[in-house]
Amino acid sequence: MKTFIGAIVLAAMLSGTAAPSLAASVSPAKLKALKSEAVAGVEARAKLSQVMNDKIFSFGELGFQEIETSKYITGVLEENGFTIQRGVSGIPTAWTATWTNGKGGPVIALGSDIDCIPKASQKPGVPWHDPIVPGAPGHGEGHNSGQALNVVAALAVKDLMIREGIAGTLMLWPGVAEELVAGKAYMVRDGVFKDVDVTLFTHVGSNLQTSWGPSIGTGLVSVKYNFHGESAHSAGAPWRGKSALDAVELMDMGWNMRREHLNPSQRSHYVIVDGGDQPNVVPSEASVWYYFREQSFDAIKKNYEIGNKIAQAAADMTDTRVDHMVIGTAAPRYFNRPMAEAAQANIEIVGLPKWTEDEQAFARAVQTNVGSTKREGLDVKLKGLTAPDPKPESGGSDDIGDISWIMPTITLNYPANIPDLPGHHWANAISMATPIAHKGVTAGSKVIAMTALDLLTQPKLLADAKAFFRDVQTKDQKYVPMLAATDKPQTQINANIMATYRPEMTKFYFDPDKYGTYLEQLGIAWPVTTLTPPAAK
């Protein structure tokens, strides 16, 4: 493919053809033809997306430690003519990959997350818990698939931009440490997206769908509270100690009492990340890590301030000191209507994959084994695009929200996973290196390629998207950054975990030169539809 593209460029140079100019609006018939060619370009690269999907699955890297993942993806993009900027925003595994055709034209960003879930190691294609490396992390949400989708879509569109002289820029980028919501807000703060017109974001799901307006879920601020006391012999002279762990426990009790009197839409969680060294020493240092989630900027800020107040009260009660550190933030998500409607039109053309009975039987086996309330297998009907709920449900967060408040943005969910699984769980990794994921990635890649062509060749769509962003979304509510200039990405997080497990995990990295799929490399016969492991029968 590189040779073919290079030949086109060289021929244009030798013939004296001028560089591509800003593309005018193409006719509906021409756009339809271009989209058909983009679909063919995606299908021609189905093997590439399968290999990328399986390769990234095998890396299984936690947030801020996506070293092999980022090296691999940027290598593929660099080989295909993209310019790579690594280490953006002081994050070693963050990068941008850009390719520009001619002068002018829209700058379209394609993003997707790349990190995985702690303790979610799981053999793909096995419908019960069977870790590749026990205790290791794994792709228990499916973040291994989105970059494969975006890369293939970008390459298909790039071919057409060169041939048709369509001006514009494609920029790919990763959601680093999304499970910590600790990457995108730093990239926004540092101006990584300052010249971008729109973002097409992709996230694994079980249907092919998008949305517009305020999203179901929450935004959040992620904060670590560090308490500092004085050590002493726990039995010999406990009165001389000032227990930082006591302060942590008092903060947690205080927050749990206050939780009853907060808005029901809030979600908040914590883990004690340092509770001391050993019982016979009064803990002089202890830390607790909180997520404060709410549905509006003001509500997030309010709960964050309450948390700070309770932390200080806990320190006062124990004669300890407390400081806190923002690890990450996520704005409430708000998506663009004109772009969502354009994407939905393409979704209707692409449709859901045609699932085989084997794939459906496998999905039902997984649902049964994890106790799903719905055991109907994979979705066979598109959910469609509906108006946003005037009172969206509370729930999870994603720091794509920060990007959605600085430019027109949509998220495309694509059907690479099985419906009604727990989420953030080993079960959600089961399908993610199987034909189910491979088909879902290809379907999503077609939609992204087609929607990118809409934005590149339909000036009115781009203008409408920006008008909606300006006159509707941000008319009364502007973006509220929650990071201070002094906040830094905590890139040391998860380093020790990966150092523990990576040596064993490397033995199972996918080798596409020897095996067609990761299932083949692991010796897993597809499909496995029994409900119990052979030893359990």
Side-chain angles (χ1 to χ4, degrees), residues 61-67 69-71 73-74 84-98 107 109-116 141 143 146-147 150 171-196 198-203 217-226 273 287 289-294 297 300-301 304 323-334 396-407 409 411 478-495 498:
E61 295 174 304
L62 292 169
F64 288 130
Q65 309 306 318
E66 310 99 336
I67 298 165
T69 300
S70 287
K71 179 182 177 182
I73 298 168
T74 55
I84 311 299
Q85 182 180 358
R86 295 178 171 85
V88 299
S89 291
I91 303 173
T93 54
W95 44 267
T96 60
T98 56
V107 181
L110 308 181
S112 200
D113 301 323
I114 59 174
D115 59 330
C116 74
E141 178 154 344
H143 287 176
Q147 289 293 336
N150 287 347
M171 184 182 102
L172 281 76
W173 57 274
V176 169
E178 188 276 335
E179 300 302 342
L180 308 176
V181 287
K184 299 184 188 76
Y186 289 98
M187 296 170 75
V188 169
R189 184 194 65 184
D190 297 342
V192 173
F193 303 100
K194 61 182 174 64
D195 296 321
V196 178
V198 298
T199 287
L200 301 177
F201 192 71
T202 53
H203 195 282
T218 56
L220 67 80
V221 59
S222 167
V223 193
K224 183 182 176 186
Y225 293 91
N226 303 302
V273 293
S287 301
W289 182 6
Y290 270 80
Y291 279 14
F292 299 114
R293 304 185 197 248
E294 253 289 7
F297 288 106
I300 296 167
K301 182 180 178 182
Y304 175 29
D323 55 59
H324 65 271
M325 171 178 63
V326 173
I327 292 176
T329 71
R333 289 160 285 175
Y334 196 114
S397 312
D398 190 321
D399 46 4
I400 189 60
D402 290 79
I403 293 170
S404 76
W405 283 97
I406 64 168
M407 74 179 80
T409 301
T411 291
K478 307 298 183 186
Y479 177 51
V480 181
M482 290 180 280
L483 289 177
T486 54
D487 291 325
K488 302 295 182 185
Q490 299 301 303
T491 58
Q492 79 287 349
I493 292 177
N494 292 323
M498 289 306 303

What closest approach, in Å, do [X] and [Y] show between heavy atoms, and which atom pair accounts for it?
X	Y	result
Y225	H324	CD2-CB, 3.5 Å
D399	E178	OD1-CG, 3.6 Å
S112	N150	CB-ND2, 3.6 Å

Short side-chain to backbone donor-acceptor contact, [X] and [Y], under 3.5 Å:
X	Y	answer
Q65	T491	yes
E61	T69	yes
S222	I327	no
W405	P332	yes

Q) What is the ring orientation for Y291 with W289, classed by angle as parallel under 30°, tilted 30 to 60°, or perpendicular over 60°? A)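 Perpendicular: the ring planes of Y291 and W289 meet at over 60°.
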
Q: Could you label the plane-to-plane angle of the H203 and H143 rings as parallel, tilted or perpendicular, counting under 30° as parallel and over 60° as perpendicular?
A: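 Judged by the thresholds at 30° and 60°, the geometry between H203 and H143 is perpendicular.
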
Q: Check the pair D115, V176 against side chain to side chain contact (heavy atoms under 4.5 Å, CB included), reporting the backbone distance first and the verdict last.
A: CA-CA 6 Å; D115 59 330; V176 169; over 6 Å; no

Q) Is there a side chain to side chain contact (heavy atoms under 4.5 Å, CB included) between Q490 and M325 once you walk through the steps? A) CA-CA 10 Å; Q490 299 301 303; M325 171 178 63; 3.5 Å; yes

Q.
What verdict does the side chain to side chain contact (heavy atoms under 4.5 Å, CB included) test give for D190 and V88, after you've listed the backbone C-alpha separation in whole Å, the side-chain angles of each residue and the deciding distance to 0.1 Å?
A. CA-CA 9 Å; D190 297 342; V88 299; over 6 Å; no

Q: Please test W173 against V196 for side chain to side chain contact (heavy atoms under 4.5 Å, CB included), starting from the C-alpha separation and ending with a verdict.
A: CA-CA 12 Å; W173 57 274; V196 178; over 6 Å; no

Q) To the nearest 0.5 Å, what is the distance between OG1 (T199) and CD1 (I406)? A)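 With rounding to 0.5 Å, OG1 (T199) is 7.0 Å from CD1 (I406).
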
**Q.** Those residues that, when tested against T329, pass side-chain contact (heavy atoms from CB on, under 4.5 Å) (two or more places apart)
**A.**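 T329: side-chain contact (heavy atoms from CB on, under 4.5 Å) contacts with A185, V221, V326, D402, M482, L483.
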
Q: Test D398 against every option in R333, R293, K184 by the salt bridge (charged side-chain N to carboxylate O under 4.0 Å, His left out) rule and name the one that passes.
A: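 The passing option is K184.
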
Q) Can a donor-acceptor pair be found between the side chains of T74 and W95 at a distance below 3.5 Å? A)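 Judged by distance alone, the side chains do not pair up.
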
